[in-house]
Amino acid sequence: MASQDAALDADYRHVTREVTRIPLAFPHKRTWWIAFLAALTLLGLYLVSAGVTFAVGIGAWGNDIPVNWGIAISNYIWWIGIGHAGTLISAMLLLMRQRWRNSLNRFAEAMTLFAVVCGGLYPIIHLGRPWFFYWMAPYPATMGVWPQFKSPLTWDFFAVLTYLTVSAMFWYVGIIPDLAATRDRAKRHSAQVFFGVLALGWRGAARHWARWRQAYRTCAAIAVPLVISVHSEISMIFAAGPEPGWMSTVFPPYFVLGAAFSGFAVVAMIATVTRRAFGLQDLITEKHLDMLGRLTLATGMMTAYGYFADVFGALYGGGRYELHTLHERFFGEVAWAYWGAVILNFVPLQLLWLRRWRVAPVALFLVGLSCTIGMWCERYMLLVSTLYRDYLVSSWGHFWPSFWEWTLFFGSIGLWLTLFLLFVRILPMISAFEIKEATFEEEEAAEASRG
Amino acid sequence: MPQIFRPSADIWLRAAVVMVFFLVLGGGLFATGLARSSYATGQGWPIEQTVPFSHKHHAGDLGIDCRYCHVDVERGPVAGIPPTYTCMTCHSQVWTGAPMLAPVRDSLASGQPLVWTRVAKLPGYVYFDHQIHIDRGVPCVECHGRMDQMPLAYRAHALEMRFCLSCHRDPAPHLKPPDMVTRMDWAGWDLVAAHRAYGAAAMKRFHIEPAKLTDCGLCHR
Amino acid sequence: MPMTPPHIARSRLSDRDLRRAAAEFPTAFEGLSQTDRRDLLKVMGASLALAGLAGCHQDPHPEARPYVRVPDGIVLGQSRAYATAVTFGGYAQPVLATTHEGRPTKLEGLPDHPASQGATDAFTQAALLGLYDPGRSKGPARLGQPTDWAQIDAAMVANAARLDAVKGAGFRLLSGAITSPTLGRLIDAMLQRWPQARWHAFEPVNDDLRLEAARQAFGRPLLVRPQLEAAEAVISFDDDLLGPGPFQTSQARGWAARRAAYQRGQGGSELLTAEPAPSLTGAVSQHRLIASVAGVDRLVLALAAALGVGGVAAPALAATQAAWLAEAAAALRRAGGASYVGVGAFHDPAIQALALRINDRLGAIGRTTVLSQPLIKATPGNSGSLAALVADAHAGLVDSLAIFDANPVYAAPADLEVAGALQKVRLRFHAGLHADETAALCHWHAPVEHDLETWGDALAVDGRPSLIQPLVRPFYAVRARSVLLQNLQGDLAADPRRLLAATWTDKLGDLDSPAWRAAQERGFLDEPVTAVTAASAAGPAPATSASNALTVLVRPDPAVWDGALANNPWLQELPRPFTSLTWDNVVAVAPALARRLGLKNGDVVQLAAGARMLEGPVWIMPGQDPSTLVVTLGFGRTAPGLGQAVGFDVAPLRTVGASWRVDGATLTPTGRSLPLATTQDVTTLGDFDFVRTAPRTSVAPKPPTPPPPSFYPPKPESRPQWGMSIDLDVCIGCNACVVACQAENNVPVVGKTQVAKGRHMHWLRVDHYEAGEPDDPAFFNQPVPCMHCEQAPCEMGCPVNAAVHSDDGLNLQVYNRCIGTRTCSSYCPYKVRRFNWFDFTGGDPPELRAARNPDVTVRSRGVMEKCNYCLQRIVAGKIAAQVAGRDIADGEVRTACQQACPTDAIVFGDISDGASQVVARKAQGRNYALLEEANTRPRTTYLARLAPDAGDGDG
């Protein structure tokens, strides 16, 4: 019995050590620095591109009439979409008491947070007069006028802001106990102070735990509906316009599922990479990879249904312009994006029907990558294929993203990488205590069965 | 293991959190306050002019009607800054040698315009038409304030959009008989019962519909 | 990494208009007298006030410079209108010029002038910008170097003294086309004073062949003026009656008047065209036959034979041609004397003469075909051609030469080698608006006054003399043409107003007589040229050449004309009919030819005729004759200015003998390709119904149909409710509305690069469609302003209430509230919204700012803009009506496009007023809304084009 307890204790200690050693005594610093510098370079590119756009105007981009939205908006949707998995995994699965989530939720949430930051900046950069962006917010203006609340963009403003706040709160509340753990293991005084302040004086008292559990579950309860509402709302940017290929009621679910899909894909990528990089094989186990694979597959197939519904709707409705836009998607100037989306999203995905591929990190990573790119193609295709040839033949046009649009895009990836690398460097990226909890309960269950 | 923080640290942390909260709040309040301050709007700040023209003296003490100098106010969109010639109609007779008026005399002699500094200048994208306001009986004082008490002219109101809207959303209280628009002092006007009803009557008489008065295109085009 | 990326820097630079303008800026107002400078400051002050949205932080207390003494009748902030005229091709285009604080800001047609009846063409609308053109020469020059008037005066006086001694021997005057009685009088006086001197005239696009034709038909050169309002059947043999040119406005008015009567059921209106390349006339004709120039000639002969015109044998015709001819002959027989048969002005005079005989035979002379003395002043004995001048110069007979408003070095056919001839002349003066190619080869250049700042006169196309009065004191050190003519004779005291008055003293008395004042206010004298009657003599049947090689047709450009207008940014960026091309000219080829040579739009080809050749990009023109190529004048200017190096010059291909039609040409692809900037990529209509055709019966009113259901809340109905109706049956796609809109609403010019990127800014565009077989399609024009949807998607999309609906049914864009999300444009099914991708206005020099309409905000970078039914006019009308205590009368508020339209295709008014014209129009059965299925309920609706009556076709 005692030996068992001792073994259990050892096990807990091992978990905590595993998790907290990363921020305290970071393994292979060199690789991290190289990655970080690369990320910083991209971030610099981001700043320059944004600066150029601010300096000369949106004309710096490839936009025109009719395609007056470019990859700025499609990237916005793509990023926000990616930023859905984290909250979904943590909150939804927390409420559903899915234990296995515990190894994934922390960095999934972080990933979410940073993706939302990347996405949220786009709508501001793309404004003709960005210095007036705050006019979208309801505030007591000397002009005596308010925002136009029928507009999807006004609701974007709220949706993204709310989502950012809530996911940040959820993430921080969740991380507090581990911050305390890190604080207690920290050797250097500076580290102790740093983690100490962030830990808000957490002492692991029973009262703390009770309060914490309440707070954490409340955040989760708020976050879950947001996951659904935010991307439904964002889909309205398209669905609310009377444009062929946009004005469809399938868009909200279509977008939410697509968002979760791309999100899970990215989480899968990160999970496999961190697992490898920090040797967390016994924390991110095959079981986790398996679950991730299943989720990706499930949401992926639902997204595929969205595609089907879209095509079916056009054909069944038989609207002349709808059919024309469908034709453009299949064979037009952006057909590459359409078929790119279909192939990259759904062909490799089929591997995940088999467990041996789901639990194979490399395969999972590659599928995730392909889905992420595929979803980017989808967002791009949805936007351009509709706008560049909508109704009047006379106003048909073209769209080619300009140099600065591409640099801004890659730059935003740099922004995300920078934030994420900092996160893995200085914060415990896996929820140690929750794993311990899980392990403990499993042991209990084992004992119960034994005795 | 040694304590990292002193017991007071907790208090400090809480204080810091509260501080941050109030800083953000205060910052917002300051910004909105600044935008409304007379510093930003120029409200009530007298403006130096090349010729220190006193509306108080001319309009107030001498009782010259606004329209004597601002001739176009009744027939055009702008009241107009009077031409040098108008000044000299009197000042060729009175104060002919006054050093203060030297720039005016020079202007007439040389044909070079006097350079004034605009006081009630609206942004370029706002189109205000004096004629229709005068015609409907909106007194000068409503926007320009007691010019007859200003030694040096200044903005009596901030002339922000909400100021325009305050009247356009509810014109009745601001309407006065069109033949009295240049009257400055309306104290006691409302004491007469008949006067109180005037606004509503004028609205009916002129078919003024506030719904139409807030069309953006009325002032912005 | 540079903050301004190279490719952006390039694209900005290549916006020639902006760059050149900015380059001129520093020297903009040189040589101003004190008093001028006062006006200038006023203008500058105004322009600063006009800065509008530019810059987000504006000085709340800017400077103000009031008048020292207000000119009579000026009401600050209110515009005034003066009747005057601008000249085009020598003819007066009577206008009502709007001025704000002394700045001309808009030209409208002179309403009570019978020739235009208040309408204008694109050239007249754009003439305003000619006044403010930063590229105008701002002072006299000697050998290209700025000098002062004293120098050039001395030179002229000295030359005059010498010429007095020798009776003007060796002196030549070269001028453009002149109708001005005053200039004519002064020239006659000069020729009397200097009998040995000679006067030559050179107008690149002229009536010479028409006059020659009349001479062959009637024995003397006569001007033939078709009266289309009386013509129930019009047969056009490559005669672009409705096309660009000095006569466009008056002829379009006439045709539209007839068409309107036809719509009301009064008489017929048939129009058949046979032409090698699409023209505005062909596009609206009921039966358009594609025929080569030679083919057209044969058709004329055949028609003459069919109608029994003496001495003409019918040539053999292809089946399609025979069918067309039968239809034409039938139409003419039906209409009898109310017919008009026209042959293109550039065709063989003998053929044109034959058409005149046909008209005579039909009894149309005096009815639809009015003859009169030419309005352009002829040189003595018609001996003063440019060729004669060149010949004399080579022969050394020319000692001194004065050139007025002519640019032969650029515009003359290459084989004349004018430049070489000029070198032979000892002393050369040049007077013109620009220091052009010819000025560069002259010793002295004297800048002249623009029509809007000068005293003068000219004849309108109906012969009524227009009086030209200055609206503003000249910005620059320039002189009136009449004055310069006197200066040349040593008279330095000449005063333009007196010179003008002297011409009219016998009619109007002296300058301060009431008659004079009345005429001045009216802007013209009601004295049309007297019609003469003449019987056509039977002439020899003209021979027709049948060449199988390619034939190149040289035509004036529909926007920059003969190149004299090449410095006008509005015209350079004006989308040309059919092609929607801007900032370029092309070699138009038939689809069949393009297929054979494997050419696509923009491919550069070498066009050669014998040793003469040029290179230019091709454009595939549906409905063009496969053996015909079309090139346009006015491009490839070499003189500094906006038009420099834009497009290619066609002069190298032209000769005196073959200046409009070059036979035996060859076309060879070079393999290179040029980017061309068009505002409409696709013109094939396919199976869409954006433009519709309806039977004539559809003119009758139809019962109103209830609108389809909608989720939008019903809007409160109040009066007035604004709406517009555009009649596609009379729209000829002349672009007058486009330029009028641009002038009225301060619409910026963006330059070729931006146009190519799909960023042109026109609020009103004319869509061009081809329906059916590309080799022989039907053509449609469709002006598309904002539709002002009652259920506007744009308003729903805007997050900041910048796109809003007004109580009187306008769909407004509030520029100062716009933050540039561009959602409105994404949601707009008609894509009529325009976005300021860059700061298109901030770089404008003061001159161009002074040309702006102060009643319209100048939009800055990053805001959306669009047509607002000329809101400023609506508000002005509303205030005027309210002050007068009445309702706005129907037709009191007219949009700029409506006012300019020569065919009354556009009607604007209150749709809640049952008696209004627009309601009557919208009640017609052929009324339809563009993209009805989108259920946006547009306030702008269209009237379908009328299909030719059944039975018209069969003879």
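First the proteins, then the strands, lettered A, B, ... as listed; each starts at 1.
Of all heavy-atom pairs between C:Ser826 and A:Asn68, the closest is OG-OD1, 2.7 Å.
Residues A:Ser395 and C:Tyr830 fail the side-chain proximity criterion, which asks for heavy atoms closer than 4.5 Å. A heavy-atom distance below 4.5 Å is found between the side chains of A:Leu392 and C:Leu930.
Using a 4.5 Å cut-off between heavy atoms, A:Asn63 touches chain C through backbone and side chain atoms alike.
Among C:His768, C:Met864, C:Arg765, C:Arg861, the residue with the largest count of heavy-atom pairs under 4.5 Å with chain A is C:Arg861.
Of the inter-residue distances, the one linking C:Arg822 atom CZ with A:Ile65 atom CD1 reads 8.5 Å to the nearest 0.5 angstrom. Atom CG of C:Asn801 is separated from atom NZ of A:Lys150 by 7.5 Å, given to the nearest 0.5 angstrom.
Listed by chain and residue number, nothing satisfies the salt bridge (Lys or Arg N to Asp or Glu O under 4.0 Å) test with A:Glu233 (two or more places apart in sequence, or in another chain). For A:Asp64, the salt bridge (Lys or Arg N to Asp or Glu O under 4.0 Å) criterion is met by no residue, not counting sequence neighbours. For A:Asp310, the salt bridge (Lys or Arg N to Asp or Glu O under 4.0 Å) criterion is met by A:Arg329, not counting sequence neighbours.
Among the residues in residues 141-149 of chain A, those with a non-hydrogen atom closer than 4.5 angstrom to a non-hydrogen atom of chain C are A:Met143, A:Val145, A:Trp146, A:Pro147, A:Gln148.
Annotation: A:Phe238 is not in aromatic contact with C:Tyr827 [ring centroid separation under 6.0 Å not met].
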